[in-house]
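Protein chains get the first letters and strands the later ones, always in sequence-line order, with residue 1 at the start of each.
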Amino acid sequence: MSEVRLRFAPSPTGYLHVGGARTALFNWLLARKQHGKFILRIEDTDVARSTQESVDAILQGMTWLGLDWDEGPFYQSDNFPLYKEYAQKLLDSGKAYKCYCTAEELEAKRESALKEGRKPKYDGTCRNAPDRPGQPFVIRFKAPEEGTTTWNDLIKGPISFENQELDDLIIQRTDGTPTYNFVVVIDDATMGITTVIRGDDHVNNTPRQILLYEALGFPVPVFAHVPMILGADKTRLSKRHGATSVMAYRDMGFLPEAMVNYLVRLGWSFGDEEIFSLEDLIQKFSVENVGRSAGVFNPDKLLWLNAHYIKTGDPVRLAELVTPFLKERGVDPSQGGPELVAVVKTLLERAKTMLELADGAVFYYKGDFEYDEKGAAKAFHAEAPALLRLVVEKLAGLSSWTMESIEAVFAEVMAEKGIKLGQLGPAVRLALSGTTASPGIYEMILVLGLEETRKRVERAIAFMEK
RNA sequence: GGUCCCAUCGUCUAGUGGUUAGGACACCGGCCUUUCACGUCGGUAACAGGGGUUCAAGUCCCCUUGGGAUCACCA
């Protein structure tokens with residue numbers, strides 16, 4: 001058996017949304033796992049709705065997620081002559097015919113059929129009618145009227161349709177352009193696609209496509225239909241439920257590895273494991289373990305995964321990633337202030353998103369903050385100025401600047417004054433950060449450095465004595 | 001309406017005839033603790049309903065109910 005070939009075939013009419021991203025991911029994973037090829041194809045036969053911006057957005061989304069492709073992107077709009085050729089072939093072999101019914105006539109028939117409770121399928125008027133040269137026509141595929149079309153779906157299991165339920169679908173429009181079901185078959189066949197993983201909204205298209213493969217003499221690929229993604233109210237995921245664009249999640253401070261991990265676990269599982277890197281997934285993923293039912297997109301779990309990847313992430317990389325968010329907040333770490341990597345390390349366990357990380361980092365670079373009112377009322381008590389001065393004095397005398405030595409300073413002050421940390425810590429925290437929720441006071445001092453610490457303490461004392 | 005698909009905690013799921021029905025998120029408590037978090041320990045919480053098959057059914061079959069997809073000269 002030769003190599004497997006899979007593809008992701010989005011239509012460029014919008015951004016890469018989470019459902020599409022998951023489909024792309026599944027295809028990519030299977031291709032990588034089986035050492036096959038992953039092909040990207042842009043389904044832009046609907047010229048009116050397709051845009052280059054959408055193509056760019058989709059490529060950007062895939063790249064962000066780390067999904068690279070081996071071939072493509074191919075554009076269907078480049079292949080129009082090829083589709084015409086195959087349509088002609090079908091015509092020549094009597095497997096397709098020209099239909100002269102107008103769209104209006106068909107619409108009328110559909111309506112009356114529906115009204116009379118019959119199936120709204122094409123009645124075959126032109127199926128055996130003679131050619132009418134010079135008249136506009138569409139090309140219809142002559143589908144078998146009896147028999148059963150069956151395939152063994154990798155996800156859903158055996159599925160079969162009675163051919164009599166299917167009608168003669170249009171494969172080429174009046175204007176000579178091909179329609180979707182026809183184009184997909186030709187492309188997948190000519191590109192040698194062996195496995196088609198796609199959304200399960202295509203299940204109903206599959207039997208017609210199989211019939212087309214057979215009529216064209218192409219081998220039929222294996223199909224795997226992935227259930228769709230729902231919103232919290234169990235309706236199709238849409239903007240009403242929050243962001244659906246993959247890139248919007250980047251902008252909201254999510255890490256691509258969190259997105260990938262979340263998406264793959266939505267519908268797929270591997271025992272009790274929850275955390276998967278792309279590398280793990282290449283080993284462990286299998287379409288057979290994808291569930292058959294639709295799943296609800298759960299932002300809380302995504303957030304939890306994101307927090308996990310921030311917590312365990314490389315601080316150097318996170319520092320790079322957080323920089324643009326800091327700039328949005330008027331902070332440019334390259335212009336001075338504490339070292340960003342050190343800052344990031346103090347915030348890792350406290351941030352669920354890069355946005356939160358950025359928010360938490362601002363105070364390190366902007367010392368002109370207000371003091372939390374309630375916190376100040378409690379922490380900035382009468383003894384505070386003296387205690388703060390003593391702390392700074394002792395810090396200044398330190399020969400080594402480490403967490404341990406800084407902590408030792410506090411221990412000394414507490415021992416000398418006979419106080420507990422609760423009488424000193426909150427004041428320091430507030431003086432340094434302006435808030436009551438911050439990284440540990442020793443780590444803040446460590447990162448801020450002696451001079452900045454002194455500056456902030458003096459500013460706080462001035463505030464208290466005012 | 002026709003066709004097709006689906007059905008285990010609120011959510012994502014494990015489970016492939018014999019389990020105290022497991023894990024994760026969320027939620028609620030305890031612990032840790034200088035704040036906020038992290039971590040950690042524990043708790044609440046599910047097999048849609050009804051018939052079969054079987055010694056035994058969440059697991060197999062049928063029906064019901066409930067969801068969903070699709071029925072274009074869109075993809």
Side-chain angles (χ1 to χ4, degrees), chain A residues 9-13 43-46 48-50 76 99 101-103 106-107 110 113-114 117-121 136-140 153 155-157 159-162 164-167 169-181 183-184 199-207 225 227-228 230 232 234-236 262 265-275 289 291-305 307 311 347-352 356 360 372 375 379 407 410 414 420-430 433 435-442:
Chain A
S11 64
T13 53
E43 311 230 313
D44 59 348
T45 54
D46 186 345
R49 290 200 303 153
S50 300
Q76 290 186 321
C99 170
C101 300
T102 65
L106 293 171
E107 186 53 37
R110 218 189 332 271
L114 234 30
R118 289 180 290 116
K119 294 169 197 168
K121 51 181 269 192
F137 63 89
V138 300
I139 300 179
R140 280 185 190 273
D153 197 279
I155 292 173
K156 307 243 180 198
I159 300 179
S160 65
F161 284 78
E162 293 302 321
Q164 58 177 5
E165 299 294 338
L166 277 23
D167 62 357
L169 81 154
I170 293 171
I171 59 176
Q172 184 177 298
R173 304 183 184 100
T174 310
D175 65 2
T177 58
T179 58
Y180 170 74
N181 281 111
V183 168
V184 176
D200 73 358
D201 48 330
H202 287 287
V203 167
N204 290 284
N205 287 326
T206 307
H225 288 97
M228 62 176 207
L230 274 23
K234 304 255 191 162
T235 63
R236 189 189 210 109
Y262 179 70
R265 272 289 286 108
L266 181 54
W268 174 84
S269 60
F270 191 81
D272 283 344
E273 292 183 39
E274 292 289 348
I275 305 298
N289 285 330
R292 303 115 314 213
S293 52
V296 174
F297 188 86
N298 183 346
D300 278 337
K301 188 142 186 185
L302 207 209
L303 206 53
W304 173 76
L305 280 164
K311 237 172 341 202
L347 266 8
L348 292 181
E349 292 181 340
R350 289 164 239 269
K352 289 191 191 304
E356 289 182 14
D372 176 85
E407 185 171 359
F410 279 77
M414 287 186 285
K420 289 185 171 178
L421 192 52
Q423 292 167 262
L424 172 60
V428 177
R429 177 185 319 288
L430 205 58
S433 71
T435 70
T436 54
S438 78
I441 50 185
Y442 310 137

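Base orientation at rC38(B) is syn, since its O4'-C1' glycosidic dihedral falls within 90° of 0.
Between D200(A) and R292(A) there is no side-chain heavy-atom pair separated by less than 4.5 Å. Two residues are said to be in side-chain contact when any heavy atoms from C-beta on lie closer than 4.5 Å; P227(A) and S293(A) fail this criterion. The shortest distance between side-chain heavy atoms of P426(A) and T436(A) does not fall below 4.5 Å. Looking at L266(A) and V296(A), their side chains never come closer than 4.5 Å, going by heavy atoms from C-beta outward. Within the 4.5 Å cutoff, side-chain heavy atoms of H202(A) are placed close to those of Y180(A). When side chains are defined from C-beta on, L303(A) does not count as touching Y262(A), because their heavy atoms never get closer than 4.5 Å. Between E43(A) and T45(A) there is no side-chain heavy-atom pair separated by less than 4.5 Å. For the pair D46(A) and S11(A), the minimum side-chain heavy-atom distance is 4.5 Å or more.
Comparing the same atom, C1', in rG30(B) and in rA46(B) gives a spacing of 26 Å after rounding to whole Å. rG43(B) sits 11 Å from rG22(B) when the P atoms are compared, rounded to a whole Å. Rounded to whole Å, the separation between the P atoms of rU20(B) and rC12(B) comes to 27 Å. Separation of the C1' atoms belonging to rG66(B) and rC73(B) is 36 Å when rounded to the nearest angstrom. Annotation: rG52(B) and rA57(B) have their P atoms spaced 12 Å apart (nearest Å). Spacing of C1' atoms, rA26(B) relative to rA45(B), comes out at 12 Å, to the nearest Å. A gap of 36 Å separates the P atoms of rU3(B) and rG18(B), to the nearest Å. Straight-line distance between the P atoms of rC9(B) and rA21(B): roughly 16 Å, to the nearest whole Å.
Among the heavy atoms of the strands, none lies under 4.0 Å from P10(A). Residue S293(A) is classed as a sugar-phosphate contact, given heavy-atom separations below 4.0 Å to backbone atoms only. Backbone-only engagement by R292(A) is indicated by non-hydrogen atom pairs under 4.0 Å involving sugar-phosphate atoms exclusively. Residue contacts shown for G422(A) are absent, as no nucleic acid heavy atom lies under 4.0 Å away. Within 4.0 Å of G440(A), counting heavy atoms only, lies at least one base atom of the nucleic acid.
Looking at the side chain of V296(A), the nearest of the listed nucleotides rU11(B), rA24(B), rU35(B) is rU11(B). Nearest to the side chain of F161(A), among rC5(B), rG2(B), rC4(B), sits rC4(B). When distances run from any side-chain atom of A437(A) to the nucleotides rU34(B), rC36(B), rA26(B), the shortest one goes to rC36(B). Across rU34(B), rC38(B), rA26(B), the shortest atom-to-atom separation from the side chain of E349(A) is found for rC38(B). The side chain of L266(A) has rC12(B) as its nearest neighbour among rG2(B), rC12(B), rC4(B). Of all nucleotides listed (rC12(B), rG22(B), rU35(B)), rU35(B) comes nearest to the side chain of T436(A). Candidate nucleotides rA75(B), rG39(B), rA24(B) were compared by shortest atom distance to the side chain of E43(A), and rA75(B) ranks first. Among rC25(B), rU34(B), rA75(B), the nucleotide with an atom closest to any side-chain atom of R49(A) is rA75(B). Comparing rG23(B), rC4(B), rC38(B) by their nearest atom to the side chain of K311(A) picks out rC38(B).
As the counterpart of rA24(B), rU11(B) is assigned, both hydrogen-bonding distances of the Watson-Crick or G-U wobble pattern falling under 3.5 Å. Nucleotide rG58(B) forms a pair with no other nucleotide shown, judged by Watson-Crick or G-U wobble geometry with both contacts under 3.5 Å. Pairing partner, rC32(B): none, since no Watson-Crick or wobble contact has both distances short of 3.5 Å. Checking rG2(B) for Watson-Crick or G-U wobble geometry (two distances, each under 3.5 Å) identifies rU70(B) as its partner. Under the Watson-Crick or G-U wobble criterion, with both distances below 3.5 Å, rU53(B) is left unpaired in every strand shown. Pair assignment for rC38(B): none, as no Watson-Crick or G-U wobble contacts are both less than 3.5 Å.
Side-chain N or O atoms of T179(A) include one that pairs as donor or acceptor with a backbone N or O of I170(A) at under 3.5 Å.
Whole-Å rounding puts the F297(A) CZ to rA24(B) C1' distance at 16 Å. What separates CH2 of W304(A) from P of rG10(B) is a distance of 20 Å, to the nearest Å. Atom CD of Q164(A) and atom C1' of rU3(B) are 11 Å apart (whole Å). Whole-Å rounding puts the E274(A) CD to rG22(B) P distance at 16 Å. Between the P atom of rA75(B) and the NE2 atom of H225(A) lies a distance of 17 Å, rounded to the nearest Å. Whole-Å rounding puts the R429(A) CZ to rU33(B) P distance at 15 Å. With rounding to whole Å, K301(A) atom NZ is found 13 Å from rC9(B) atom C1'. When the C1' atom of rU11(B) is taken as reference, atom CG of N298(A) falls 5 Å away, rounded to whole Å.
A salt bridge does not link R350(A) with E356(A): every distance from a Lys NZ or Arg NE/NH1/NH2 to an Asp or Glu carboxylate oxygen is 4.0 Å or more.
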Within the sub-3.5 Å range, which N or O atoms of nucleotides 65-73 of chain B have a protein N or O partner, and how far apart are they?
unit_1, atom_1, unit_2, atom_2, d
rU70(B), O4', N204(A), ND2, 3.3
rA72(B), OP2, R110(A), NH1, 3.4
rC73(B), O2, T174(A), N, 3.0
rC73(B), O2, T174(A), OG1, 3.0
rC73(B), N3, T174(A), OG1, 2.4
rC73(B), N4, C101(A), O, 3.4

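At a cut-off of 3.5 angstrom, the base of rC36(B) holds at least one donor-acceptor pair with the side chain of R350(A). For E273(A) against rG23(B), no side-chain N or O and base N or O form a donor-acceptor pair under 3.5 Å.
Comparing L302(A) and Y262(A) by the nucleotide of RNA chain B whose heavy atom lies nearest to each, the residue mapping closer to the 5' end is Y262(A).
A close approach under 4.0 Å does occur between a side-chain nitrogen or oxygen of S269(A) and OP1 or OP2 of rA14(B). Note on K352(A): a side-chain N or O is less than 4.0 Å away from OP1 or OP2 of rC38(B). Between T45(A) and rA75(B) there is a side-chain N or O to OP1 or OP2 distance below 4.0 Å.
Counting only N and O atoms by type, the side chains of S438(A) and R429(A) include a donor and acceptor under 3.5 Å apart.
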